[in-house]
Amino acid sequence: MAATPTHFSVSHDPFSSTSLLNLQTQAIFGPNHSLKTTQLRIPASFRRKATNLQVMASGKTPGLTQEANGVAIDRQNNTDVFDDMKQRFLAFKKLKYMDDFEHYKNLADAQAPKFLVIACADSRVCPSAVLGFQPGDAFTVRNIANLVPPYESGPTETKAALEFSVNTLNVENILVIGHSRCGGIQALMKMEDEGDSRSFIHNWVVVGKKAKESTKAVASNLHFDHQCQHCEKASINHSLERLLGYPWIEEKVRQGSLSLHGGYYNFVDCTFEKWTVDYAASRGKKKEGSGIAVKDRSVWS
């Protein structure tokens with residue numbers, strides 16, 4: 001006896017999650033079974049797959065949908081941020097790690113970065129994203145307001161990073177990167193001289209007090225925002241000057257095996273300004289107590 005073909009009622013959208021569910025239900029319970037009388041628990045993974053099928057079938061990409069490793073991720077509907085992170089990691093492994101396996105295998109044995117980067121912890125100014133550093137390119141330390149503490153002060157993670165990268169990794173360049181609308185610099189500029197000694201922020205940004213004083217000396221008549229912008233750049237140069245106060249850093253700079261650079265990332269108009277410390281000229285300015293001299297200044301826009 002020939003089997004009677006089963007007829008399915010399918011909506012005009014063959015990839016909708018409801019249509020797929022209708023197909024599954026009719027195949028299991030028969031064509032006359034109604035979804036309304038059956039309580040089914042649909043796994044979240046199935047719903048996500050159905051949504052992804054619909055996206056691929058329509059050829060449209062929602063505004064907040066990313067595709068990583070061939071999987072569409074809808075951030076609006078994804079309640080677990082680590083699902084998104086997982087897909088980005090798998091995309092990195094497939095598209096970068098496996099593609100350049102020998103490089104990553106060598107990195108597993110040792111690192112030999114050319115740069116030490118001192119940047120702000122601000123989430124908007126990741127050096128790798130902005131300047132394209134790849135794994136193995138830059139030993140990076142990030143702190144509030146990208147400050148370099150004086151050599152004479154107590155131990156900090158920034159000073160440990162300086163010691164390790166310069167004396168053990170033998171980096172050839174130190175790049176201090178500041179940026180626009182820096183919250184750490186704003187806190188410094190607003191801070192009263194006495195401040196709150198119990199505040200971790202106060203006890204850290206006070207490291208930039210000299211930059212604040214030099215800004216007030218020349219820009220006190222400007223709007224507060226412009227004072228902060230001036231201080232953001234002044235602070236970079238004061239940090240570069242402080243680096244020369246570390247004996248083993250100055251020795252390498254004097255020998256020519258280490259160069260010091262400043263950078264300023266303006267994320268409002270997406271420009272990057274870069275300059276290099278002129279050590280020979282800075283020695284004369286140091287005797288005068290007037291900061292450092294710079295050269296090779298350029299703006300990338």
Side-chain angles (χ1 to χ4, degrees), residues 117-122 125 141-154 156 158-159 162 174-197 199-247 249-250 253 259-268 271-299:
V117 174
I118 301 174
C120 186
D122 193 302
V125 295
V141 57
R142 299 179 67 177
N143 62 44
I144 300 297
N146 44 270
L147 297 171
V148 174
Y151 175 73
E152 298 79 14
S153 64
T156 68
T158 300
K159 296 173 78 172
L162 284 169
I174 299 178
L175 173 61
V176 181
I177 305 174
H179 67 94
S180 56
R181 298 182 179 177
C182 179
I185 294 298
Q186 291 174 8
L188 171 65
M189 293 297 293
K190 291 177 181 176
M191 186 179 67
E192 299 295 335
D193 288 341
E194 60 274 10
D196 181 2
S197 60
S199 167
F200 295 142
I201 295 174
H202 172 276
N203 287 331
W204 174 251
V205 299
V206 73
V207 168
K209 185 177 180 180
K210 188 176 178 181
K212 175 183 177 179
E213 291 172 349
S214 66
T215 295
K216 290 291 187 182
V218 300
S220 58
N221 61 325
L222 298 180
H223 186 276
F224 179 74
D225 290 344
H226 293 129
Q227 290 184 34
C228 288
Q229 187 174 39
H230 185 283
C231 189
E232 286 160 0
K233 294 185 179 183
S235 177
I236 298 168
N237 281 336
H238 283 296
S239 286
L240 292 171
E241 183 180 2
R242 281 218 176 95
L243 287 173
L244 290 174
Y246 289 70
I249 290 180
E250 181 173 24
V253 172
S259 297
L260 308 181
H261 314 272
Y264 181 79
Y265 171 46
N266 187 334
F267 54 66
V268 177
T271 58
F272 192 90
E273 187 175 354
K274 173 264 174 190
W275 59 93
T276 297
V277 172
D278 186 335
Y279 177 69
S282 294
R283 292 180 69 183
K285 293 177 73 70
K286 185 178 180 181
K287 293 177 182 178
E288 301 168 2
S290 56
I292 58 170
V294 301
K295 60 183 180 180
D296 300 334
R297 186 182 293 271
S298 60
V299 178

* Contact check, side chains of Pro150 and Ser153, non-hydrogen atoms, under 4.5 Å -> yes
* **Nearest atoms (heavy-atom pairs only) where Leu222 meets Gln227** => O-NE2, 2.9 Å
* **Heavy-atom side-chain contact between Lys274 and Arg297 under 4.5 Å** => no
* Please name the pair of heavy atoms, one in Arg242 and one in Pro149, separated by the smallest distance, quoted to 0.1 Å. => CD-C, 3.7 Å
* Validation row: Val125, Asn146 side chains within 4.5 angstrom (heavy atoms) -> no
* Are the side chains of Ile118 and Leu175 in touch, meaning some heavy atoms are under 4.5 Å apart? -> no
* To do: To the nearest 0.5 angstrom, please state how far the NE2 atom of His202 sits from the CD atom of Glu192.
  => 9.5 Å
* Glu250-Tyr279 side chain donor-acceptor pair, cut-off 3.5 Å -> yes
* Asked: Do the side chains of Val176 and Ile236 get nearer than 4.5 Å, heavy atoms only?
  -> yes
* **Trace of the side-chain contact (heavy atoms from CB on, under 4.5 Å) decision for Leu162 with Ile174** => CA-CA 9 Å; Leu162 284 169; Ile174 299 178; 4.2 Å; yes
* **Nearest-0.5 Å distance, NZ of residue Lys216 to CD of residue Glu213** => 11.0 Å
* **Nearest-0.5 Å distance that lies between atom CZ in Arg142 and atom CD1 in Ile177** => 9.0 Å
* Pair Lys210 + Glu241, salt bridge at N-O below 4.0 Å -> yes
* **Validation row: Lys295, Trp275 side chains within 4.5 angstrom (heavy atoms)** => no
* **Nearest-0.5 Å distance, CD1 of residue Ile185 to OG of residue Ser180** => 12.0 Å
* Just by modelled atom types, is the Ala217 backbone N or O under 3.5 Å from a matching donor or acceptor in the Ser220 side chain? -> no
* Where Val207 and Val148 come nearest, the two heavy atoms and their spacing -> CG1-O, 3.7 Å
* Would you please test Tyr265 and Glu273 for side-chain contact (heavy atoms from CB on, under 4.5 Å) and show each step? => CA-CA 7 Å; Tyr265 171 46; Glu273 187 175 354; over 6 Å; no
* Please name the pair of heavy atoms, one in Val205 and one in Leu147, separated by the smallest distance, quoted to 0.1 Å. => CA-CD1, 3.9 Å
* More than 12 heavy atoms of other residues, nucleotides or ligands under 6.0 Å from CZ of Phe272: is that the case? -> yes
* **Separation of Thr215 OG1 from Met189 CE (nearest 0.5 Å)** => 5.5 Å
* **Which atom of Ala293 lies closest to which atom of Ser282, heavy atoms considered** => N-OG, 2.8 Å
* **Those residues that, when tested against Ser259, pass side chain to side chain contact (heavy atoms under 4.5 Å, CB included) (two or more places apart)** => Asn173, His261
* Nearest 0.5 Å, what's the CE-NZ distance between Met191 and Lys209? -> 7.0 Å
* Please walk me through it: do Gln229 and Asp225 pass side-chain contact (heavy atoms from CB on, under 4.5 Å)? -> CA-CA 6 Å; Gln229 187 174 39; Asp225 290 344; over 6 Å; no
* To do: Determine whether Cys228 and Cys182 make a side-chain contact, defined as any pair of heavy atoms from C-beta on separated by less than 4.5 Å.
  => no
* Asked: Heavy atoms, side chains only, cut-off 4.5 Å: are Thr276 and Leu260 in contact?
  -> no
* Structure fact -> Looking only at heavy atoms, the pair that brings Phe224 and Lys190 closest together is CZ-CG, 3.5 Å
* **Working for side-chain contact (heavy atoms from CB on, under 4.5 Å), residues Val277 and Leu243** => CA-CA 11 Å; Val277 172; Leu243 287 173; over 6 Å; no
* Verify the distance criterion only: is there a donor paired with an acceptor across the side chains of Asn143 and Thr158 at less than 3.5 Å? => yes
